[in-house]
Structure formats: structure tokens, C-alpha cells
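Keep in mind that this is a model prediction, so the values were computed, not measured. Side-chain atoms are counted along with the backbone in the values below, which use heavy atoms only and exclude waters and symmetry mates.
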Amino acid sequence: MDHNSPTDSWNISVNSYHLNTYIFFFSFHIFQTLLQLMKETFFKHDDKDALRSCVKAINNCTTRSQGKLHGFAQNELKELEVELISKLDIALKEVADYNVESILVNMKRLYKLQFPRAVPVETLYANIIVVVKKFQNIDDEVVGFLLLNMYLDVYWCLNQIMHDNDVFEASLSSLTLKRNTMFDELGHFLQFHLKLKEWEFLEASGVGIMDPV
């Protein structure tokens with residue numbers, strides 16, 4: 001019967017350690033590359049299926065990984081959020097130039113990112129409201145995604161309050177204000193379109209022309 005000498009056992013342990021280390025770094029490199037590719041894809045496309053797949057893959061990386069892989073995934077997700085919010089902040093401030101394409105594309109991205117998890121959008125909220133108030137000069141799809149993202153923000157704020165042990169009055173006041181603002185803007189948007197439809201019907205009927213505003 002063969003017996004390994006202490007030296008042989010030591011060599012096997014060292015080789016096993018190096019192999020495991022190599023496998024870890026190789027896996028880490030693949031993990032990094034895949035996450036970076038998903039981030040690039042997220043900002044290259046606005047197709048709903050592509051965005052949904054990217055968000056699902058990134059969220060899986062952050063929730064199912066461990067150790068250094070988990071830390072790296074969390075940092076990449078945070079960087080993605082910061083970059084997206086920065087793009088939206090710039091686009092919302094430039095809406096006066098009637099270049100709303102960037103708002104629409106990035107609001108679609110925010111909607112997909114915010115749907116399965118909370119995203120900190122506090123810095124955008126005031127500008128979102130300003131843009132929504134200009135809805136008569138903006139495409140309906142843009143307004144729709146602005147309102148959808150306002151709704152998701154309200155939902156996640158409510159969800160946090162419901163699951164927190166301590167609820168502060170400031171949190172309730174903030175949520176109430178957001179909810180009221182969202183319903184007010186949604187009401188104005190719907191009322192405008194109801195009047196517009198009425199105006200179009202009357203004009204087509206030859207009854208008369210009414211101001212839709």
C-alpha cells in the first residue's frame with residue numbers, strides 16, 4: 001500500500017490551493033466582464049425585452065453572488081444607477097429645447113430598473129414634476145413613463161414604510177406629498193385628453209370648435 005510522504009501531502013495541498021485560487025480569479029474575471037457587458041447593453045438599447053433581460057441578469061448577480069463577487073456586483077449596480085440618474089437629470093433640465101428623446105429612452109430604462117427594486121430618485125423628482133406640467137407640448141409616451149416612474153417611487157416609499165419598525169412623520173409627509181402630486185398631474189393629463197377628444201368630436205361633427213385647454 002502506497003503512502004504519501006509529508007512532502008508529497010504538502011505539495012498536493014499547495015497545488016490544490018493554487019488551482020482553487022486560479023479558478024476563483026478566472027471566475028471573477030468572467031463575472032466582471034459579463035457585468036460590464038450587461039451595463040453597456042443596458043445603455044445601448046431601449047427595447048423593453050433587452051432592458052428587462054439586462055435588469056434581471058444584473059439583479060441576479062447582486063442577489064445570488066457571495067463575497068467579492070457580491071461586493072463587485074453591488075458596486076456595478078450602484079454605478080449604473082448613478083449614471084442613469086445623471087443622464088436623466090441632464091435630459092430633464094434640457095426639456096425646454098424640446099429634445100425629449102433622451103428623456104423617453106432613459107425613463108424607459110429607469111422604469112425597468114425601478115420595477116423590481118427601489119431606486120433613489122429623490123434628486124429627479126422636482127424636475128420630473130416640472131416636465132409633467134408641460135405635458136401639452138410633450139409626446140404622450142414621455143408623459144406616460146414620467147407618471148409610471150412617479151408611481152413606482154410612491155410604491156417603494158410605501159413599501160419601505162410598511163416594513164420599517166420605526167415610521168417617522170417626515171417619511172409619511174413626503175409620501176403623502178408625492179402621492180397627491182402624482183394624482184394631481186395624472187388628473188390634469190386625463191382631463192386635458194378628455195377635453196381634446198370632445199373638441200375633436202365636435203369639430204368632426206361640425207357642431208362647433210371648443211378650446212381643449
Side-chain angles (χ1 to χ4, degrees), residues 39 42-48 51-52 54-55 58-59 62 74-196 212-213:
K39 276 179 60 181
F42 180 80
F43 284 112
K44 281 182 180 178
H45 300 281
D46 62 353
D47 175 73
K48 64 179 182 180
L51 290 175
R52 186 188 298 113
C54 285
V55 171
I58 292 170
N59 283 337
T62 60
Q74 290 282 8
N75 287 336
E76 288 294 298
L77 178 58
K78 182 64 178 177
E79 288 178 8
L80 184 145
E81 289 178 355
V82 170
E83 184 176 351
L84 178 58
I85 289 173
S86 176
K87 288 178 181 290
L88 274 168
D89 187 48
I90 294 170
L92 289 167
K93 290 176 180 176
E94 293 178 348
V95 72
D97 298 328
Y98 298 102
N99 181 18
V100 297
E101 181 62 27
S102 180
I103 295 177
L104 177 58
V105 169
N106 287 303
M107 275 293 163
K108 287 180 178 180
R109 291 170 180 152
L110 179 61
Y111 176 73
K112 291 300 181 184
L113 191 63
Q114 200 178 190
F115 191 85
R117 53 184 296 280
V119 176
V121 295
E122 296 296 329
T123 57
L124 297 175
Y125 216 80
N127 288 329
I128 289 176
I129 294 169
V130 169
V131 175
V132 170
K133 288 181 181 295
K134 299 177 180 179
F135 64 81
Q136 296 178 25
N137 300 318
I138 299 175
D139 185 81
D140 287 351
E141 187 179 14
V142 177
V143 180
F145 274 99
L146 288 166
L147 291 170
L148 280 171
N149 279 294
M150 290 175 70
Y151 162 74
L152 285 177
D153 183 53
V154 169
Y155 168 81
W156 287 117
C157 288
L158 176 60
N159 184 72
Q160 182 178 1
I161 288 173
M162 291 175 63
H163 291 87
D164 277 353
N165 293 324
D166 298 318
V167 179
F168 298 99
E169 185 177 349
S171 299
L172 291 173
S173 298
S174 175
L175 174 60
T176 302
L177 179 60
K178 287 181 176 182
R179 181 205 61 187
N180 292 343
T181 302
M182 180 190 70
F183 279 125
D184 285 345
E185 298 308 324
L186 177 61
H188 294 154
F189 179 71
L190 294 175
Q191 186 64 27
F192 170 79
H193 279 279
L194 285 173
K195 289 184 177 180
L196 184 62
V213 180

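Residues L80 and F43 are in side-chain contact: their nearest non-hydrogen atoms beyond the backbone lie under 4.5 Å apart. Side-chain contact between L77 and L113 is present, with at least one heavy-atom pair separated by less than 4.5 Å. Between I90 and N106 the shortest side-chain heavy-atom distance does not fall below 4.5 Å. Looking at heavy atoms from C-beta onward, E81 lies out of side-chain contact with Q114 at the 4.5 angstrom threshold. In this structure, the side chains of I58 and E76 stay at 4.5 Å or more apart for every pair of heavy atoms. Inter-residue side-chain proximity for L158 and Y155 is flagged as unmet; no heavy-atom pair is nearer than 4.5 Å. Using a 4.5 Å cut-off on side-chain heavy atoms (C-beta onward), K48 and K112 make contact. The side-chain heavy atoms of N127 and D89, taken from C-beta on, include a pair separated by under 4.5 Å.
A distance of 10.5 Å separates CG in L152 from CZ in F145, rounded to the nearest 0.5 Å. Taken from CG in L84 to CG in L110, the straight-line distance is 5.5 Å, to the nearest 0.5 Å. Separation of atoms CG (L148) and NZ (K108) is listed at 11.5 Å; rounding is to 0.5 Å. If you take CE on M182 and CG on N180, they are separated by 9.0 Å, rounding to the nearest 0.5 Å. Here F189 contributes atom CZ and D140 contributes atom CG; the two are 4.0 Å apart, rounded to the nearest 0.5 Å.
Of all the heavy atoms in L51 and H45, the pair that sits closest is CD2-O, 3.4 Å. Across all non-hydrogen atoms, the minimal contact from Y125 to V154 is OH-CG2, 4.1 Å. Contact detail for K133 and E185: the closest heavy-atom pair is NZ-OE2, 2.7 Å. Of all heavy-atom pairs between W156 and F115, the closest is CZ2-O, 3.5 Å. The shortest non-hydrogen separation linking P116 to V55 is CG-CG1, 3.9 Å. Contact record, L175 with C157: CD1-CB, 3.8 Å, taken as the closest heavy-atom pair.
The pair R109-E83 does not count as a salt bridge, with every side-chain nitrogen at least 4.0 angstrom from each carboxylate oxygen.
Judged purely by atom type and a 3.5 angstrom limit, T62 uses its side chain to pair as donor or acceptor with the backbone of N59. Distance alone, capped at 3.5 Å, is enough to place a donor-acceptor pair between the T181 side chain and the L177 backbone. No side-chain donor-acceptor contact under 3.5 Å links S174 to the backbone of A170. With N149 contributing its side chain and M107 its backbone, the two residues share a donor-acceptor pair below 3.5 Å.
More than 12 non-hydrogen atoms from other residues, nucleotides or ligands lie less than 6.0 angstrom from CD of E79.
Screening V121, L186, I128 for a side chain to side chain contact (heavy atoms under 4.5 Å, CB included) involving M150 leaves a single residue, I128.
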